[in-house]
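These notes concern the structure reproduced below.
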Protein chains: 2
Amino acid sequence: MKSESAAGAKLPTREILQHWREAVPGDRLAHLVKDATRALVRALQMRLVAHGVPFGHWAFLRILWERDGLTQRELSGRAGVMEPTTFSALKAMEGIGYVKRRRLPENRKNIYVFLTAKGRALKEKLVPLAEDVNRVAVAGLADEDISRTREVLLAIIDNLARDEERSADGARRVPSTRELARLVAAGTKARRSRA
Amino acid sequence: MKSESAAGAKLPTREILQHWREAVPGDRLAHLVKDATRALVRALQMRLVAHGVPFGHWAFLRILWERDGLTQRELSGRAGVMEPTTFSALKAMEGIGYVKRRRLPENRKNIYVFLTAKGRALKEKLVPLAEDVNRVAVAGLADEDISRTREVLLAIIDNLARDEERSADGARRVPSTRELARLVAAGTKARRSRA
DNA sequence: CGGTGTAAGTTAGACCTCTAAGGTTATCAA
DNA sequence: TTGATAACCTTAGAGGTCTAACTTACACCG
């Protein structure tokens, strides 16, 4: 309440406006996408803390609720993050008691990840939170605009992935958008080509 | 080259596809936005390393090229990040020699940030990189779809900002999407209301 | 003049992510 | 069987971001 009236005293708003209108048009879209990500992440994060679930665990829980017994590598692929990220998240999740990491005799190289009852039980509580965020986020928007947006974002990811692949040929720089590449490309195109 | 044929041996692609098509529809959009951000960031980052510029400095340089002599707080607002982030980035940038941080007699509470010649000179080299990323990213997309996407993203940010503001009244949780809130709202609405 | 409060900057500590490099297990061919 | 190669996991270290708490400077009022 007080932050409302007290804080807004300066309103350099006009300058900000100018910034948004005049700035190098080239990367406005990138900024927008980035800001949207932050807003979405924060919204979910805020809701998650109430249940004591770190945001970083969300992505993995979501995947595991659908199907567990995956390896860490598969989890990485689906979550779209690198393996060390997956590793430390899962290690922490095991510590909390959401999952169990096990080797199976069939292939002792892999680590298979299984939900515990506790981890599985979170689904009921947490999924509605994500749905809530989504509902709030797209309130008042036309379905068609949203799906158009989805197409645009997919195309952007695809474009950038191809580009990275192309330039990686000559000089391998900061590898790995390709990971996303494969993921997304699969989600869109694979649908209508051969499977 | 080898990664192409050798790595894709397993192609759990079909599973991935399923994931993207069937998953809780609630947060697919959020994931997409997040993935797009990552792809965009990576693309710029890859180009930036060639010039020895850390990605974290880009946002500040971009703002300063337009106008320098801003305070750290103003910079934070425009970049859409919290002050400690700004602080450490600028401290590093000063170390490298891109900027000077100065107190002015008029108000010794503030730290004003000015570009050095070196920092200013980067503009010519770096701006084209960002433009390149943008060009690649939106290749083949209709202008209208892009601008529609922009509207959608702005609306999402705005929606989430309002929501955060609303829930912060009762229980202050993880404050601060509001920062974005103000920024973006200014960029869109302020245009057609009073300034 | 001194005190209270607010604004800006800073420090501390945590989380998530990444790249690079090391270790272990599997696979396959000589 | 053994040695090379690959797949997966793990460790190490860094970057960027955030919140919370502290410090310094200003502003205003009594």
Side-chain angles (χ1 to χ4, degrees), chain A residues 2-3 6-10 34-35 37-38 41-42 45-46 48-49 53-60 70-77 79-93 101-113 172-177 179-180, chain B residues 2-3 5-10 12 34-35 37-38 41-42 45-46 48-49 53-60 70-77 79-93 101-113 172-177 179-180:
Chain A
K2 79 174 122 198
S3 59
K10 318 200 69 170
K34 199 171 155 197
D35 285 356
T37 295
R38 280 242 292 270
V41 167
R42 292 191 71 81
Q45 206 167 25
M46 274 174 36
L48 249 28
V49 294
V53 176
F55 172 74
H57 297 180
W58 166 259
F60 298 104
L70 298 170
T71 66
Q72 290 188 177
R73 203 180 197 70
E74 289 170 325
L75 248 6
S76 296
V81 298
M82 296 294 99
E83 285 146 44
T85 303
T86 304
F87 173 75
S88 64
L90 289 174
K91 212 70 200 293
M93 289 167 75
R101 300 163 61 247
R102 287 218 306 270
R103 297 195 126 90
L104 296 183
E106 86 187 40
N107 187 337
R108 309 191 341 115
K109 187 170 55 175
N110 298 351
I111 301 267
Y112 299 90
V113 180
R172 167 138 336 147
R173 309 185 231 196
V174 187
S176 171
T177 290
E179 303 279 338
L180 284 182
Chain B
K2 79 175 125 200
S3 59
S5 48
K10 319 200 66 172
K34 200 172 154 195
D35 285 356
T37 295
R38 280 239 294 266
V41 166
R42 291 190 72 81
Q45 206 166 25
M46 274 174 37
L48 248 28
V49 294
V53 176
F55 171 75
H57 298 177
W58 165 260
F60 298 105
L70 298 170
T71 66
Q72 291 189 179
R73 204 180 197 73
E74 289 169 327
L75 248 5
S76 297
V81 298
M82 296 294 98
E83 284 146 47
T85 303
T86 305
F87 172 74
S88 64
L90 288 174
K91 211 68 200 290
M93 290 167 74
R101 301 163 62 247
R102 288 220 306 273
R103 298 195 127 89
L104 296 184
E106 85 186 43
N107 186 340
R108 309 195 337 120
K109 187 170 53 175
N110 298 351
I111 301 269
Y112 299 91
V113 180
R172 167 139 337 147
R173 307 185 233 197
V174 188
S176 169
T177 290
E179 303 280 338
L180 284 182

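Residue numbers begin at 1 in each chain, while the letters A, B, ... track the order of the sequences.
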- Select base, sugar-phosphate, or nothing to describe what A:Arg108 touches, counting heavy atoms under 4.0 Å on all strands. sugar-phosphate
- Message: Can you work out whether A:Ala89 or B:Arg103 has the more 5'-proximal nearest nucleotide on DNA chain C?
- Response: B:Arg103
- Rounded to whole angstroms, how far apart are CG on A:Asn107 and P on D:dA6? 17 Å
- Take the protein atom CZ of A:Arg73 and the nucleotide atom C1' of D:dC8, then report the distance between them rounded to whole Å. 5 Å
- Task: Please round to the nearest 0.5 Å and tell me the distance separating atom CZ of B:Arg102 and atom CD1 of B:Ile111.
- Result: 11.0 Å
- What is the nucleic acid contact for B:Gln72, judged by heavy atoms within less than 4.0 Å: base, sugar-phosphate only, or nothing? sugar-phosphate
- Message: Rounded to whole Å, how long is the line connecting atom CZ of A:Phe87 with atom C1' of D:dC9?
- Response: 7 Å
- Spacing of B:His57 atom NE2 relative to D:dG15 atom P, expressed in whole Å: 9 Å
- Message: Please classify the nucleic acid contact of A:Pro54 as base, sugar-phosphate, or nothing, using heavy-atom distances under 4.0 Å.
- Response: sugar-phosphate
- B:Leu48 CG to D:dG15 P, in whole Å, measures 15 Å
- Nearest-Å distance for atom pair CE/P, residues B:Met82 and C:dG9: 13 Å
- Note on the structure: Rounded to whole Å, NZ of B:Lys91 lies from P of C:dA12 at a distance of 12 Å
- Note on the structure: Note: for A:Leu104 and A:Phe60 on DNA chain C, the residue whose nearest nucleotide lies more 5' is A:Phe60
- Interatomic distance where CD belongs to B:Glu83 and C1' belongs to D:dA20 [whole Å]: 13 Å
